[in-house]
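When reading the values below, keep in mind they use all heavy atoms of this one structure, side chains included, and skip hydrogens, waters and symmetry mates. Letters A, B, ... mirror the listed sequences (proteins, then strands); counts begin at 1.
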Number of protein chains: 2
Amino acid sequence: MPTIKDVAKLAGVSIATVSNTLNGGRYVSPPLRSAVLSAVRSLGYVPNGVARSLRRRHTQTLGFLVPDITNPFFSGLVKAVERAARKQGYQVLLSSSEENPELEFDLTLALASRQVDGLIAVPTGDSTEYLEHLGLPVVLLDRIGRSESLDRIGVNNAQAAQTGTEYLLAQGHRRILLLVSTLELANIRERVEGYRRALEAAHLPYHPEWVVACGREANSVEAAITAIQTHRPTALFAATNRLSLIAVRAIRHLRLAFPEEISLLGFDDFEWSTLLEPYLTTVVQPLEAMGSTALELLLARIKDNDHPPQTLLLPCELAVRQSVARA
Amino acid sequence: MPTIKDVAKLAGVSIATVSNTLNGGRYVSPPLRSAVLSAVRSLGYVPNGVARSLRRRHTQTLGFLVPDITNPFFSGLVKAVERAARKQGYQVLLSSSEENPELEFDLTLALASRQVDGLIAVPTGDSTEYLEHLGLPVVLLDRIGRSESLDRIGVNNAQAAQTGTEYLLAQGHRRILLLVSTLELANIRERVEGYRRALEAAHLPYHPEWVVACGREANSVEAAITAIQTHRPTALFAATNRLSLIAVRAIRHLRLAFPEEISLLGFDDFEWSTLLEPYLTTVVQPLEAMGSTALELLLARIKDNDHPPQTLLLPCELAVRQSVARA
DNA sequence: ATGAAAGCGCTAACAT
DNA sequence: ATGTTAGCGCTTTCAT
């Protein structure tokens with residue numbers, strides 16, 4: 001690979017002139033300028049970004065840490081963040097922690113060592129403490145934990161779940177099972193809280209057993225099946241996209257008429273859900289806005305670290321389609 | 001951010017000793033070693049990977065270029081590649097070209113400028129020429145084009161499509177529509193070829209009109225609907241995961257009994273396809289093997305660039321489920 | 001308007 | 001067994 005020296009030699013100028021014509025640092029006379037340009041072309045010179053970053057002391061690069069690139073919710077977020085970053089002249093280094101906290105930690109360190117200018121993180125758990133002492137601008141996205149010292153972009157989970165539950169209630173459902181992955185995630189706990197609030201507002205009892213923890217594995221459908229058999233709900237509220245899948249499998253396993261005998265409300269919208277018939281009614285999260293707002297906050301913090309951390313909770317919407325019938 | 005100098009000063013040693021205890025380069029006596037380690041801890045020192053890479057002249061980093069991170073086929077590939085890379089001590093920089101050749105080119109240059117040690121690419125089109133002159137080890141994955149000078153890992157598309165078609169034929173189907181995105185992709189053309197070969201082997205006519213180009217957008221269902229109406233097939237072969245979605249929508253739009261009146265065979269398996277009932281029978285590509293083999297070839301080429309390029313075509317399997325009925 | 005040279009933080013060759 | 005130093009490729013200050 002040719003270096004700036006090779007270009008300078010071939011063009012018969014100093015390396016400073018090469019640098020300046022390429023970066024527009026200072027005026028370069030047309031003759032030298034074109035000599036440089038043609039040398040660049042003929043050598044196929046590409047500036048060494050590593051050397052450049054070392055010297056400039058920033059990389060124009062952001063880290064983005066997600067739990068699972070394979071989940072359409074996160075890959076949607078990735079797309080949104082990348083697009084927004086690109087517009088601002090930043091590249092993003094994506095790391096997938098596979099929901100593994102140790103791997104997450106290692107990846108974060110790797111990102112930091114790569115000298116990313118900032119980091120957007122969707123942590124695997126709610127233990128975000130180490131992110132606060134990273135010495136790097138960090139914004140938490142989606143799983144925003146309880147950190148008061150970091151910028152955070154999330155969604156009003158309680159509100160969204162309450163709205164969803166209220167819709168189910170309005171359709172006449174009284175026995176509603178809430179399918180959750182794990183209560184370890186604050187997001188999930190908040191959704192439970194929203195569900196509970198909707199029930200209370202309607203003066204209906206809240207049954208803790210109706211909140212069914214199905215685990216984080218895609219194939220753990222047994223818990224859902226058992227819960228449906230014992231509690232005989234008329235509607236299921238799946239707190240996560242994966243849980244919609246589990247709900248569907250359980251419904252089929254039990255040969256229930258869908259949505260006549262049992263309705264389903266999902267959380268997180270995703271393209272492939274249209275394979276399901278009837279079309280899935282879901283609470284939809286504003287992926288695009290979440291991504292672009294996270295980027296804004298991060299860029300603001302990179303530019304100036306001397307302002308108090310912000311927390312933004314974006315609203316969700318309910319997309320009414322076909323999977324919820326009147327009870 | 002503290003540097004190696006700060007650590008050396010605090011530990012009362014030379015920077016060489018810091019470097020050596022951290023990298024295990026040469027023997028460091030226990031007392032100095034522990035002095036360094038505690039200085040590292042108390043400063044929260046993280047080595048500057050940019051400086052390290054500049055000096056070492058490699059980055060232990062691989063680039064991976066995919067057309068669309070949002071497509072489960074590619075995100076599956078990403079997972080496989082990342083896992084394999086991690087095992088070998090490499091990090092991967094993921095870039096999503098969004099099926100845009102110009103963006104792809106820019107991203108590739110950005111990757112090169114970041115000094116990745118090698119690149120795995122799933123190009124947007126078949127124009128891979130610029131990749132051959134990157135001056136960087138490159139392996140082509142999935143969309144392997146016709147480059148003879150690069151290592152390539154693909155799948156035997158023709159064979160796979162032929163097997164799929166033969167299965168449809170064996171189930172008694174004679175009017176089989178092949179749904180494709182665009183004939184611009186060599187992969188797709190090969191799948192058409194496999195379909196044609198299966199027909200010929202069965203002494204059945206090949207109707208070019210039965211190969212329906214639906215475009216690359218997810219919502220272009222009209223072409224499929226029209227084709228089904230005019231050709232009255234008993235089976236659909238969707239050449240791509242997105243096309244399964246389109247096929248399903250078309251089937252529903254026409255209110256055909258599925259799979260009794262019309263069968264569906266997919267290509268590319270993906271988790272969310274289980275939302276579909278009956279479960280989708282598909283040709284499945286060996287994602288894990290594709291990813292890990294691509295990585296192996298790339299690492300081999302990084303280690304030693306003086307061997308002829310290889311092309312490996314991996315076999316696909318047919319996962320028989322429920323969406324194909326007997327005709 | 002351009003060149004020379006310092007230095008970003010690190011590793012490795014050279015010294016002792 | 002450890003310290004000193006050159007230099008990776010670039011940007012930028014200083015000099016002319």
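The pair B/E98-A/R86 meets the salt-bridge criterion, with a side-chain N (NZ, NE, NH1 or NH2) lying under 4.0 Å from an Asp/Glu carboxylate O. Here A/E288 does not pair with A/K79 in a salt bridge; the nearest charged N to carboxylate O distance is not below 4.0 Å. A salt bridge is defined here as a Lys NZ or Arg NE, NH1 or NH2 lying under 4.0 Å from an Asp or Glu carboxylate O, and B/E99 with B/R143 meets this definition.
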### Task
For side chain to side chain contact (heavy atoms under 4.5 Å, CB included), just list the numbers for A/S181 and A/R242, CA-CA rounded to whole Å, side-chain angles, deciding distance to a tenth of an Å, and then say yes or no.
CA-CA 9 Å; A/S181 48; A/R242 285 225 138 80; over 6 Å; no
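Put simply, the side chain of B/R114 never gets that close to the backbone of A/G49: no donor and acceptor are under 3.5 Å apart. Between the side chain of A/N100 and the main chain of A/S97, no donor-acceptor pair closer than 3.5 Å is present.
Nucleotide C/dG9 holds its P atom 10 Å from the CZ atom of A/R55, rounded to whole Å. Spacing between atom CD of B/Q115 and atom P of D/dC8 amounts to 14 Å, rounded to whole angstrom units. The distance from atom CG of A/N48 to atom P of C/dG9 is 17 Å, rounded to the nearest whole Å. In this entry the distance linking CG of A/N23 with P of D/dT11 reads 5 Å, nearest Å. Between the CZ atom of B/R52 and the P atom of D/dG9 there is a distance of 18 Å, rounded to whole Å. The nearest whole Å value for the distance from the CG atom in A/L54 to the P atom in D/dG9 is 12 Å. Note: NE2 (A/H58) to C1' (C/dC8) measures 13 Å, nearest angstrom. Rounded to whole angstrom, the span from the CG atom of B/N20 across to the P atom of C/dA13 amounts to 11 Å.
Heavy atoms of B/V50 sit nowhere under 4.0 angstrom from any nucleic acid atom. Within the 4.0 angstrom heavy-atom criterion, only backbone atoms of the sugar-phosphate kind lie near B/T17; the bases stay farther away.
Remark: B/R57 is not in phosphate contact with C/dC10, judged by side-chain N or O atoms under 4.0 Å from OP1 or OP2. For A/S19, a side-chain nitrogen or oxygen approaches OP1 or OP2 of D/dT11 to under 4.0 Å. Regarding contacts with the backbone of C/dG9, every side-chain N or O of B/T3 stays at 4.0 angstrom or more from both OP1 and OP2. Phosphate contact (OP1/OP2 of D/dT4, side-chain N/O of B/S14, threshold under 4.0 Å): absent.
Listed by residue number, the members of residues 28-37 of chain B with any heavy atom below 4.0 angstrom from DNA chain C form an empty set.
Checked by distance alone, A/R26 brings no side-chain donor or acceptor within 3.5 Å of a matching partner on the base of D/dT12.
The side chain of A/R56 lies closest to D/dT11, out of D/dT11, C/dC10, D/dT4.
Using a 3.5 Å distance cut-off with no hydrogens or angles, the side chains of B/E132 and B/S149 do pair a donor with an acceptor.
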